[in-house]
Amino acid sequence: MVRVRAKLVSWDEVVEWAWGLADRVRESGYKPDVIVALARGGYVPARLLCDFLDVENLLSIQSQHWTEAAKAEERAIIKFPYKVDLSNYRVLVVDDIVDTGDTLRLARDYIRDTWKPKELKTAALQWISPVAKFKPDYYYIEVKEWIWFQYPWTRLEDTYQFIKRMLQEKHKETGKTTWTLQEIINGFKEWYGIDVGEKYYKEALRILQEKQIIKQDPETKTITLIKTT
Ligand code: AMP
């Protein structure tokens, strides 16, 4: 049974969606002089939009969710704040997806107040309408039911985090601590409903070992969870 709904997004889909997003911007008559890629998810879509909208100027800013010490809630922050004068430019800030919307909204506010562009619009490939507190000016796909989009640029990171979550959860539910590679692969496919391929599973496990979350035994070919929470 699938526990977390996920969709594997292909490079071809990314190009198709970015093309569709560029169409929306073009149709509106907005002609940005500068595109701002929202790091890190917005990098690839922003670069494609530069091509599809014939924009030469590409900047970036990183906005990230940050867990405040001693507080359960998370808030978005601008990770490396800096200042540029964009008062003569029309700007389009681009991200991959608007989920809660905190990230893009914060970046939009920061750019508006600090870089002071002549005009500022926001764009994302996807917008999760039922949960987002913020609607971008342009989006290509309206997602009506929450799902995790496994983009090609976070494949490995998502894979090791997904495996970690699955093993810790399985441990909590059954007390089990040791698995074979095949059991983990089968479990992953069942939990997330996607298959990222053996190369990713193996590298993800190497990373989890490096982070001292699991331990791989080359002799018994088993994987043991060390960090259970
Ligand atoms: P947000 O909740 O809108 O602030 O999302 C922050 C960032 O997290 C997005 O720009 C994505 O890179 C990533 N993200 C959030 N939700 C999803 C999702 N459902 N699928 C894939 N990536 C996501």
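Every number for a ligand or one of its atoms is a count from 1 in the order of the listing. No hydrogens, no waters, no symmetry mates; every other heavy atom, side chains included, goes into these values.
Salt-bridge annotation for Lys202 and Glu198: present, with a side-chain N of the basic residue lying under 4.0 Å from a carboxylate O of the acidic one. A salt bridge does not link Lys170 with Glu183: every distance from a Lys NZ or Arg NE/NH1/NH2 to an Asp or Glu carboxylate oxygen is 4.0 Å or more. Taking a cutoff of 4.0 Å between a charged side-chain nitrogen and a carboxylate oxygen, Arg75 and Asp102 do not qualify as a salt bridge.
Protein residues with any heavy atom under 4.0 Å from ligand 1: His65, Asp95, Asp96, Ile97, Val98, Asp99, Thr100, Gly101, Asp102, Thr103, Ile128, Trp146, Ile147, Trp148, Phe149, Tyr151.
Checked against ring-ring contact (aromatic ring centres under 6.0 Å, His included), Trp19 has the following partners two or more places apart in sequence or in another chain: Phe52.
Sorted by first and then second residue, the side chain to side chain donor-acceptor pair (under 3.5 Å) pairs with a member in residues 27-38 read Ser28-Tyr138; sequence neighbours excluded.
Summarising the hydrophobic clusters (Ile, Leu, Val, Met, Phe, Trp, Tyr; side-chain heavy atoms under 4.5 Å, direct or chained), the residues clustered with Phe80 are none.
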